[in-house]
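Predicted, not measured: the structure shown is a model, and the values here were computed from it. Both counts, for ligands and for their atoms, begin at 1 and track the order of listing.
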Amino acid sequence: MKIERLPPVVTSLGHTNHPYMTGAWTPLHEEVNAWDLEVLEGAIPTDLDGVYLRNTENPVHAPLGRYHPFDGDGMVHQIAFQNGQATYRNRFIRTRGFEAEQEAGESLWGGLADGPGTSKRPGFGAHGGLKDTGSTDIVVHNGEAIATFYQCGEAYRLDPLTLENLGVAAWAPLDGVSAHPKVDEETGELLFFNYSKHAPYMHYGVVDATGKRTTYQAIDLPGPRLPHDMAFTKNYSILNDLPVFWDAALLERDIHAVRLHKGVPSRFGILPRHGGPVQWFEAAPTYVLHWLNAYEDGDEVVLDGYFQENPTPRPLEDAPDGHGHLMAYLDEHSFRPKLHRWRFNLKTGETTEGHLDDRILEFGMFNQQYAGKPYRYAYSTTAKPGWFLFNGFVKHDLETGESWSIQLPEGRYASEAPFAPRIGAVDEDDGYLVSFIIDENKGTSECVLVDAKRFEIVCRIALPHKISSGTHSVWAGRERLRA
Ligand SMILES: [Fe+2]
């Protein structure tokens with residue numbers, strides 16, 4: 001393996017025993033380009049052409065208060081495949097906040113778990129006191145990678161091939177862009193939303209295939225909410241107003257405490273893709289971090305996602321001192337997300353819903369060529385009890401109800417694993433899941449390819465350093481990358 005190391009970034013982070021700054025969450029500070037990656041098992045497929053981009057959180061400075069893993073500085077890792085060869089590179093996302101802290105040589109902003117007054121400067125996004133790290137999500141649109149922040153940030157552009165930072169997206173509005181903008185690969189459009197603490201509390205927007213914002217519409221909500229994801233069908237976009245949001249009385253004192261508002265239903269807003277009246281549906285109270293896919297079926301809009309059975313869990317009892325609350329909210333086995341299907345009847349206004357599986361699953365992926373359309377195969381991850389760490393994958397055939405799983409050995413943790421279609425694919429599941437593994441036993445990382453049809457690992461490729469765990473990722477075929 002050939003490695004080129006870039007000049008180091010400024011860091012002030014010292015020793016810590018924080019559970020989310022150690023182990024598989026140990027921040028990485030090194031930026032590299034690497035070629036001639038060692039193949040550990042199998043062979044790099046010749047029918048895979050494109051990039052896997054993975055966003056992770058890597059704090060470079062000692063936190064001002066109580067660190068939360070979603071505060072960490074965003075870093076994009078890329079593995080690029082072409083002609084049976086693979087290269088790797090990684091770069092920090094050089095947000096305004098990152099650059100300001102590089103200049104200051106220290107943290108300037110507090111984090112999600114901190115009280116008011118911790119930050120030394122006004123912050124970004126819905127919360128208002130946080131650094132926009134761009135570290136949550138990543139999509140590819142109009143030939144560019146777009147990194148977004150869950151609290152609504154500026155939307156940072158990177159060249160998906162070189163990872164060169166290209167600045168903020170001109171189409172991003174003043175209230176920012178939430179994580180999980182959606183790209184419709186068929187039309188090339190990007191659909192997004194944001195949320196804030198001021199009326200109307202939410203907006204919805206569309207950016208066309210050339211990067212021009214063509215729709216920006218206010219979505220009136222009863223108050224500040226905390227939506228995380230959206231979904232779309234061919235003709236409609238689906239937004240949500242779920243009963244887990246900041247306590248209004250505490251918010252007046254600038255304290256951001258999330259609670260479940262008992263007796264308040266979940267609400268789903270369905271509106272025409274290019275804007276128009278919103279039809280609201282009520283459903284069972286829950287919180288949902290991530291949707292899978294949505295599609296139209298006669299008069300109904302069908303939405304799949306992960307219904308949390310216990311969205312505001314009690315602190316984890318065996319957590320390290322002082323981390324019980326934080327760790328419970330990061331532990332899927334505490335908040336219990338289950339694969340779930342909602343059906344919204346546009347004619348009658350009725351909602352029907354139910355679980356599709358009783359296992360604890362989240363971070364789902366599917367073949368993006370089926371986005372917004374009827375689809376058959378879903379790929380979810382399983383999590384290590386107590387931890388925000390993925391320890392396996394589950395494939396569902398949503399037509400037959402069959403499922404298959406891959407369990408990773410203890411100490412090996414996966415990253416979110418999008419579906420990459422094989423060149424010349426015919427079937428929906430003809431392709432690979434791409435994931436980065438952190439091996440805590442060996443202190444290394446690798447890329448694994450899962451043959452999605454046979455549902456088994458077919459290739460393992462060594463990465464030049466051990467990466468940190470993180471949140472989201474994307475696959476983009478070569479045809480969708482900047483020329
Ligand atoms: Fe997310």
- Item | Which residues share a salt bridge (Lys or Arg N to Asp or Glu O under 4.0 Å) with Asp114, sequence neighbours left out | none
- Query: Among Trp291, Phe388, Tyr306, which one satisfies ring-ring contact (aromatic ring centres under 6.0 Å, His included) with Phe363?
  - Reply: Phe388
- Message: Keeping to distances under 2.8 Å, can you name the protein N/O/S atoms close to the Fe ion (ligand 1)?
- Response: His180 NE2, His228 NE2, His290 NE2, His472 NE2
- State which residues pass side-chain hydrogen bond (donor to acceptor under 3.5 Å, both in side chains) with Gln407; sequence neighbours excluded, sorted by chain then number. none
- Run the numbers on Asp358 and Lys338 for salt bridge (Lys or Arg N to Asp or Glu O under 4.0 Å), then give the verdict. CA-CA 6 Å; Asp358 204 40; Lys338 305 274 178 79; 3.1 Å; yes
- Message: Going by salt bridge (Lys or Arg N to Asp or Glu O under 4.0 Å), name the residues that satisfy it together with Asp241, two or more places apart in sequence or in a different chain.
- Response: Arg225, Arg267
- Please test Arg273 against Asp184 for side-chain contact (heavy atoms from CB on, under 4.5 Å), starting from the C-alpha separation and ending with a verdict. CA-CA 11 Å; Arg273 175 181 293 198; Asp184 183 338; 2.8 Å; yes
